[in-house]
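In the text below, chain A, chain B and the rest are named by the order of the sequence lines, each starting its count at 1. Bear in mind the structure is a predicted one, so any value in this text is a computation, not a measurement. The basis for the numbers below is simple: all heavy atoms, side chains too, and nothing from hydrogens, waters or symmetry mates.
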Amino acid sequence: MSIVNQLQIGVLKSLASLYEQTFSEKDFQINQTKPEFEGDYTVVLFSLVKTLRLSPDAIGNQLGEKLVTDYPEIFTSFNIIKGFLNLTVTDNYWITLLNKNYADSCFGKKALTGKKVMVEYSSPNTNKPLHLGHLRNNFLGWSVAEILKANGQEVIKSCIVNDRGIHICKSMIAWQWYANDATPQSTNTKGDHLVGAYYVKFNDVYKEQVAALMADGKTKEAAEKEAPIMKATQQMLVDWEEGKPEVMELWKTMNSWVYAGFDTTYQKIGSDFDKTYYESNTYLLGKDIVQQGLDKKVFFKKEDGSIWIDLTADGLDEKIVQRKDGTSVYITQDIGLALQKYEQFNIDQSIYVIGNEQNYHMKVLQLICKKLGMPNAENIFHLSYGMVELTSGKMKSREGTVVDADELVDEMIATSQKLTEELGKVKDFTAEELKDLYDIIGLGAMKFYLLRVDPKKTMVFNPEESIDFHGFTGPFVQYTHARIKSILRKELGNGESSNSTNEFKSPLLPLEKAVIIQLEQYPTALEVACEEHNPSVIANYVFNLAKTFNSFYTEHSIGNAETIEKKYLRLQLAAMTANIIKSGMQLMGIRVPERM
RNA sequence: GACUUGGUAGCUCAGCUGGAUAGAGCAUCAGCCUUCUAAGCUGAGGGUCAUUGGUUCGAAUCCAAUCCAGGUCACCA
C-alpha cells in the first residue's frame, strides 16, 4: 500500500477516535510537502475546520500528535504552518521499502484481475504508407495495452486493415494506367510506398482531368463525375465487389506489396497484434443486425428503401445504416465487428484507439449498439487522441507536408548514430551492438517524444526538437539507466547483489530521500496511467525520477560513499531506480541500453 | 450556425477531484569534467494561467458569459 493510502487511513482513524465523527477521504487532502517546508507529506486541514469547529492549528496539533503516537514506525515528527500539517516519515520506513523492493523487476505491477480487454489500434489503409499520425496511434495503442497488462488486465491487441473501397481502387487504377508493370522489386521500392505513389498519381491525374473538363465548360460537379479516371475507378469498385478475377488478382498483388512494407515498418517500430481483421472480410458484417434492428423497430425504412436510425431524441440526428441499394455503410460493419469482437473473445471492454476527428462517429456507434441491446455496449471505449500538427500547421497529403513514418524513423536512428559517434563512448562495441544501440536510442527518442504529451491533446511536432536528445527526452532517461548500470557493473560485478542491511545509523540525506520518495510513487503512477489510458503519466514520472536521481548522483558518490552502509544503501537505491526506469520505459515500448 | 475540445514563460508541454511563493524541457545568460559516463549537474532572467464576472477562508483548477483556435455535423472510410 502506498504511503499516501496509509496516511489517509491513519488520518481517518485518528479523526474518528479524536472527534467521534466519521469522515471520508474527500474531507481532507494529502499532498507532498513543498520543498521549502520541513516534512514529507502534508495534510491540508482547512476543510475540517468547519465541521469540527476548531482552528486549523488545534486540529493539526491533535492529529499530528495522534499520528506520531499511533504510527511510530511511519511518522517521526510534525509541524503546522498556516493550516498545513506537515509530517515527516521515518528513515526506517524508506529504508525498509528500498530494502524490500530494490531487486524486484515487477515492482508496481498488479496480479491478474480477470478483466479481459481488446485494444484496437493502428488501423491502416492499404493505399498509402504510414505517417507521423499513425506513429502516434501505434505507440499510444501499444503502450496503453502494456499499461493495462501491468495493471492486471488480459489484453488482446487488434488491428483492422482498411483494405477495400474506392480509395484502394484509386491506386489500383493509377498503377494499371501508368506503372508499366512496375513492382517493388523492379523499382527497388518499399511496397507501401510504391502503392502510395500511385495513389498520389491518381489525384494528380484526376485534378488535371477535372480542370480540362471545366475548361470545356462543364460545371465542377459534372467534371468530377465525368473524369475518365474516376469513372474507371468506380467501375473497378463494382468489379471488385462482383469478384471479377483480374481485379481480384491485381488487388491481392498490390495488397501483398503493401503488407510486406507495413511488416517492415511494424517490426522496426515494435508494433504487434494478436488479431488482425480485414475490412474485405468484415464489410458485410452487420447486415443481419440491420434486419434485426428493423424487426425490433430500432431502425426504420424510408420510402426509397434506405434504412435509418433516428437519434434526434439523443441530441444527434438521423443516421443511415444501409443504402437504398442494400449495401452497407461504414458504421454498419462497425456494429457487426463490435459484436463479433465480444462473441469471439468474450471481452469485458473494447477500446478503440482512433483520432478525435471520429468522436461523433464513435458516439453514434456506441449509441446504436446500446439501442440494439448489445451486451457490453456500455463498455465500448473510444480512446480519442489528438492530431499531430507541424510547426508550419496541419499535415496535408495533398500539399506533400505529410511526415513519412519510415523516413522519420531512419532520421531518428541516423541522428542517434551521429551523436553517439561524436561522443565516442562506445568505441569497443561490435558493429552489431552499435546498430542495436542506434535503434534503441533513435526509436526511444521518437516514442518518448510522441508519448510524453497527453494523448487527448493536439500536439505539435517540431523536427528540430524531436532530434534533441537533451532534457525531457527518451535518451535522457536511457542515459540515466546506462550510467547506473555502469556503476552496478563496477561495484557488483556480474549477477552479484548488494548486501542487504537494515543497520543504518546515519540519517538519510535529502537527496537520498528524494529519490526513494519518487521510487515509492511508481505503483501510483501505473494506476493513474491505467485509469486515464495515458502513457504520458509514465513518461513524466520516469523523467522526474531520472532527474531526481541525476541530482543525487552528481552530489553523492556511490562507489566511494562515506560508510559501507551508505554504499549499500545507495547501490540499492541506484538498482531500484534502474529497474523502475526499465519497467516504465518498457511500458512505452522503449528499450534501455546497458551502456551508451 | 449547432455540437465538441482546447487557450498556462519566446517555443513545446506538466499542473486542473480547489490549498503554501504556478512547474519542467528547449532557447538565452553565468558557472561545474585529476574522483562512479557532462546525452549530466547548479544557478539567473523570463508569467495579466485568453478576457470579464461569480462561488469561498482560498481559484490556473469549479460555474457563467465573451473572444480566439482545432475537430465534427457525408448514402467517404
Problem - Atom-pair distance (NZ on A/K319; C1' on B/rA77), nearest Å - result: 12 Å

Exercise for the section: Could you check A/G559 against A/G165 and say which one's nearest nucleotide on RNA chain B is further toward the 5' end? Expected result: A/G559

Exercise for the section: Tell me yes or no: between the side chains of A/D325 and A/T327, is some donor less than 3.5 Å from an acceptor? Expected result: yes

Exercise for the section: Looking at every strand, decide which applies to A/S551 at a 4.0 Å heavy-atom threshold: base, sugar-phosphate, or nothing. Expected result: sugar-phosphate

Exercise for the section: Write down the distance separating the P atoms in B/rA22 and B/rA60, rounded off to the nearest Å. Expected result: 9 Å

Problem - Side-chain heavy atoms of A/F543 within contact of A/F476, under 4.5 Å - result: yes

Fill in the blank from the handout: Across every strand shown, the nucleotide meeting Watson-Crick or G-U wobble geometry with B/rC62 (both distances under 3.5 Å) is B/rG54

Exercise for the section: Determine which nucleotide pairs with B/rC67, using a 3.5 Å limit on both distances of a Watson-Crick or G-U wobble pair. Expected result: B/rG7

Fill in the blank from the handout: Closest of B/rC41, B/rC57, B/rC36 to the A/F476 side chain is B/rC41

Exercise for the section: State the syn/anti category of B/rC68 according to its glycosidic angle, syn meaning within 90° of 0. Expected result: anti

Exercise for the section: Pick the C1' atom in B/rA77 and in B/rG15, then give their distance to the nearest Å. Expected result: 38 Å

Handout entry: B/rC73 OP1/OP2 closer than 4.0 Å to side-chain N/O of A/K363
Key = no

Problem - Exceeds 12 heavy-atom contacts within 6.0 angstrom, atom NZ of A/K220 - result: no

Exercise for the section: Have a look at A/A574 and say if it touches a base, only the backbone sugar-phosphate, or nothing, with a 4.0 Å heavy-atom cut-off. Expected result: nothing

Handout entry: Pair A/N137-A/Y385, side-chain donor/acceptor within less than 3.5 Å
Key = yes

Problem - A/N560 CG to B/rC36 C1', straight-line distance once rounded to whole Å - result: 7 Å

Handout entry: Side-chain N or O of A/S486 closer than 4.0 Å to phosphate OP1/OP2 of B/rU37
Key = yes

Problem - Nucleotide B/rU4, atom C1' - distance to CD1 of A/I354 in whole Å - result: 17 Å

Exercise for the section: For A/K457 and B/rC13, give me the distance from atom NZ to atom P, rounded to whole Å. Expected result: 9 Å

Practice task
Quick one: label A/D163 by what it contacts on the DNA or RNA (base, sugar-phosphate, nothing), any heavy atom closer than 4.0 Å.
Solution key: nothing

Practice task
Scan A/N550 against the nucleic acid and name what it touches under 4.0 Å (heavy atoms): base, sugar-phosphate only, or nothing.
Solution key: sugar-phosphate

Practice task
Check the side chains of A/T51 and A/D27 for a donor-acceptor pair under 3.5 angstrom, ignoring hydrogens and angles.
Solution key: no

Practice task
To the nearest Å, give me how far apart CZ (A/R164) and P (B/rC76) are.
Solution key: 11 Å

Exercise for the section: Provide the distance between the two C1' atoms, one in B/rC16 and one in B/rG6, to the nearest whole Å. Expected result: 13 Å

Problem - Polar contact flag, side-chain donor to acceptor under 3.5 angstrom, A/E120-A/Y277 - result: no

Handout entry: C1' atoms of B/rU42 and B/rU12, separation to the nearest Å
Key = 24 Å

Practice task
Provide, to the nearest angstrom, the distance between the CD1 atom belonging to A/I30 and the C1' atom belonging to B/rU17.
Solution key: 14 Å

Problem - Polar side chain donor-acceptor pair, A/T33 to A/D40, under 3.5 angstrom - result: no

Exercise for the section: Rounded to whole angstrom, note down the C1' distance from B/rG46 over to B/rU8. Expected result: 14 Å

Exercise for the section: Describe the nucleic acid contact of A/I441 in one word from base, sugar-phosphate, nothing, applying a heavy-atom distance below 4.0 Å. Expected result: base

Exercise for the section: Starting from the 5' end of RNA chain B, give me the residue, A/S416 or A/S328, whose nearest nucleotide shows up first. Expected result: A/S416

Problem - Under 3.5 Å donor-acceptor, A/W251 side chain and A/D163 backbone - result: yes

Practice task
Examine the base of B/rC3 for any acceptor or donor lying under 3.5 Å from a partner atom in the side chain of A/D317, and report the outcome as yes or no.
Solution key: no

Exercise for the section: Quick one: label A/H556 by what it contacts on the DNA or RNA (base, sugar-phosphate, nothing), any heavy atom closer than 4.0 Å. Expected result: base

Exercise for the section: Would you please indicate yes or no on a ring centroid separation below 6.0 angstrom for A/Y352 and A/Y121? Expected result: no

Handout entry: B/rC36 base stacked by A/Y553 (centroids within less than 5.5 Å, tilt under 30°)
Key = yes

Handout entry: A/V210 vs A/M230 side-chain heavy atoms within contact, under 4.5 Å
Key = no

Practice task
Indicate whether any N or O donor in one side chain lies under 3.5 Å from an N or O acceptor in the other, for A/T42 and A/N86.
Solution key: yes

Handout entry: For B/rG18, the Watson-Crick or wobble counterpart (both distances under 3.5 Å)
Key = none

Handout entry: Atom pair distance, as rounded to whole Å: CG in A/N127 and C1' in B/rA77
Key = 10 Å

Problem - C1' spacing across the pair B/rG31 / B/rG45, given as an integer number of angstrom - result: 15 Å

Fill in the blank from the handout: Across every strand shown, the nucleotide meeting Watson-Crick or G-U wobble geometry with B/rG45 (both distances under 3.5 Å) is none

N/O to N/O distances under 3.5 Å, protein versus nucleotides 19-26 of chain B:
unit_1: B/rA20; atom_1: OP2; unit_2: A/K34; atom_2: NZ; d: 3.3
unit_1: B/rA20; atom_1: N6; unit_2: A/T42; atom_2: OG1; d: 2.9
unit_1: B/rA20; atom_1: N6; unit_2: A/N86; atom_2: OD1; d: 3.0
unit_1: B/rA20; atom_1: N1; unit_2: A/N86; atom_2: OD1; d: 3.4
unit_1: B/rG25; atom_1: OP1; unit_2: A/K547; atom_2: NZ; d: 2.9
unit_1: B/rG25; atom_1: O2'; unit_2: A/F472; atom_2: N; d: 3.2

Problem - Between A/D334 and A/H361, a side-chain donor and acceptor under 3.5 Å - result: yes

Problem - Neighbour count above 12 (heavy atom, 6.0 Å) for A/K582 NZ - result: no

Problem - B/rA44 versus B/rA9 - spacing of their C1' atoms, nearest Å - result: 15 Å

Problem - Pairwise P distance for B/rG70 and B/rG47, with rounding to whole Å - result: 28 Å

Fill in the blank from the handout: Taking a pair to mean Watson-Crick or G-U wobble geometry with both distances below 3.5 Å, B/rG40 pairs with B/rC32

Write out a two-atom table: protein N or O, nucleotide N or O from nucleotides 70-72 of chain B, distance below 3.5 Å.
unit_1: B/rG71; atom_1: OP1; unit_2: A/K394; atom_2: NZ; d: 2.1

Fill in the blank from the handout: From CG of A/N462 across to P of B/rA27 the rounded distance in Å is 12 Å

